[in-house]
Amino acid sequence: VQLQASGGGLVQAGGSLRLSCAASGRTFSSYSMGWFRQAPGKEREFVAAISWSGGSTYYADSVKGRFTISRDNAKNTVYLQMNSLKPEDTAVYYCAARFLVDVVIIATAGNYGMDYWGKGTQVTVSS
C-alpha cells in the first residue's frame with residue numbers, strides 16, 4: 001500500500017482544512033487508517049484513527065470535537081476534516097495504515113506498529 005497525503009496549507013486560527021490521503025492497491029478496505037502529526041522539535045503523535053470499515057473512530061483528546069476522520073473505500077481515500085484550528089495544530093501531518101487492527105491499538109501504539117506511512121503534508125495555523 002502506498003499512501004499520499006495532501007491538502008495541507010496555511011490557515012488562520014479558527015479556520016478549517018481538509019486533508020486527504022490517497023492509497024494505492026486493492027486491499028485498502030482491509031486497513032485501518034491513522035493520522036499522525038509532528039510539530040517542530042516534538043515527537044510524532046497520534047491524531048485520529050478509523051477502522052477498516054469506517055465503523056469505528058478514535059481521537060486524541062487535543063483534537064476531539066474539532067477534527068473528524070472519515071474514509072471512502074470506493075475511492076481508496078481517508079480524510080481528516082480539521083475545524084477550529086489553533087496555532088498548536090501546526091505540524092506536518094502523516095497518514096498511515098495498519099492491517100485489520102482496532103482503532104484503540106493504533107491510538108495506544110502511537111508511531112509503532114503501523115505497516116505503511118505516507119509522506120507528510122504541512123499544516124500551518126497562524127494566530
Side-chain angles (χ1 to χ4, degrees):
V1 177
Q2 292 185 324
L3 305 172
Q4 179 64 55
S6 62
L10 173 64
V11 64
Q12 288 188 334
S16 298
L17 280 175
R18 188 176 82 154
L19 305 183
S20 299
C21 176
S24 65
R26 295 178 292 176
T27 60
F28 175 72
S29 59
S30 297
Y31 285 83
S32 294
M33 300 296 295
W35 284 98
F36 297 78
R37 67 186 181 186
Q38 187 168 21
K42 295 186 177 181
E43 293 188 354
R44 189 157 54 186
E45 64 177 2
F46 167 78
V47 175
I50 188 166
S51 62
W52 60 92
S53 67
S56 298
T57 58
Y58 199 94
Y59 297 91
D61 288 344
S62 59
V63 306
K64 201 172 296 182
R66 299 188 298 123
F67 291 11
T68 302
I69 189 171
S70 61
R71 68 188 295 158
D72 185 339
N73 284 347
K75 295 182 178 179
N76 280 12
T77 303
V78 62
Y79 305 97
L80 185 69
Q81 177 67 43
M82 306 186 295
N83 298 328
S84 302
L85 282 162
K86 304 175 181 180
E88 50 263 44
D89 294 318
T90 295
V92 178
Y93 284 71
Y94 300 87
C95 59
R98 184 168 172 177
F99 185 71
L100 289 177
V101 67
D102 188 88
V103 292
V104 177
I105 301 297
I106 293 179
T108 55
N111 280 315
Y112 305 99
M114 300 306 288
D115 298 322
Y116 302 97
W117 289 89
K119 292 183 179 179
T121 184
Q122 176 71 48
V123 172
T124 303
V125 184
S126 63
S127 57

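Residues: numbered from 1 along the sequence shown.
- Rounding to the nearest 0.5 angstrom, the gap separating the OG atom in Ser32 from the CZ atom in Arg71 is 6.5 Å.
- Side-chain atoms of Thr57 do not come within 3.5 Å of backbone N or O of Ile50 as any donor-acceptor pair.
- In this structure, the side chains of Met82 and Val47 stay at 4.5 Å or more apart for every pair of heavy atoms.
- Across every non-hydrogen atom of Ile105 and Arg98, the tightest pair is CG2-NH1, 3.7 Å.
- The CD atom of Gln38 sits 9.5 Å away from atom CD of Glu45, with the distance rounded to the nearest 0.5 Å.
- The neighbour count for Gln2 CD, taken as heavy atoms of other residues, nucleotides or ligands under 6.0 Å away, does not exceed 12.
- Between Met33 and Ala97 the shortest heavy-atom distance is SD-CB, 3.5 Å.
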Without placing hydrogens or testing angles, list every side-chain donor-acceptor pair under 3.5 Å for residues 116-124, not counting sequence neighbours.
residue	atom	partner	partner atom	Å
Thr121	OG1	Gly8	N	3.1
Gln122	NE2	Ala91	O	3.4
Gln122	NE2	Thr124	OG1	3.3

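- Here the closest non-hydrogen pair linking Leu80 and Trp35 is CB-NE1, 3.6 Å.
- The two residues Cys21 and Leu3 have their closest heavy-atom pair at SG-CB, 3.9 Å.
- Both Met114 and Val92 are members of a single hydrophobic cluster when ILVMFWY side chains are connected at heavy-atom separations under 4.5 Å.
- To the nearest 0.5 Å, atom CG of residue Leu17 and atom CD of residue Gln81 are 8.5 Å apart.
- Taking a cutoff of 4.0 Å between a charged side-chain nitrogen and a carboxylate oxygen, Lys86 and Asp89 do not qualify as a salt bridge.
- Note: Ser56 OG to Ile69 CD1 = 11.5 Å, rounded to the nearest 0.5 Å.
- When the side chains of ILVMFWY residues are joined at heavy-atom separations under 4.5 Å, either directly or via intervening members, Leu100 and Val103 end up in two distinct hydrophobic clusters.
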Exercise. Could you go step by step and tell me if Phe99 and Thr27 meet the side chain to side chain contact (heavy atoms under 4.5 Å, CB included) rule?
Worked result: CA-CA 9 Å; Phe99 185 71; Thr27 60; 5.9 Å; no
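- Sorted by first and then second residue, the pairs that involve residues 43-95 and meet ring pair (Phe, Tyr, Trp, His ring centres under 6.0 Å), not counting sequence neighbours, are Phe36-Phe46.
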Exercise. Taking it one step at a time, do Val63 and Arg37 satisfy side chain to side chain contact (heavy atoms under 4.5 Å, CB included)?
Worked result: CA-CA 12 Å; Val63 306; Arg37 67 186 181 186; 3.9 Å; yes
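- Sorted by first and then second residue, the pairs that involve residues 3-24 and meet side chain to side chain donor-acceptor pair (under 3.5 Å), not counting sequence neighbours, are Ser16-Asn83.
- Here the OG atom belonging to Ser29 is positioned 11.5 Å from the CG atom belonging to Asp72, to the nearest 0.5 angstrom.
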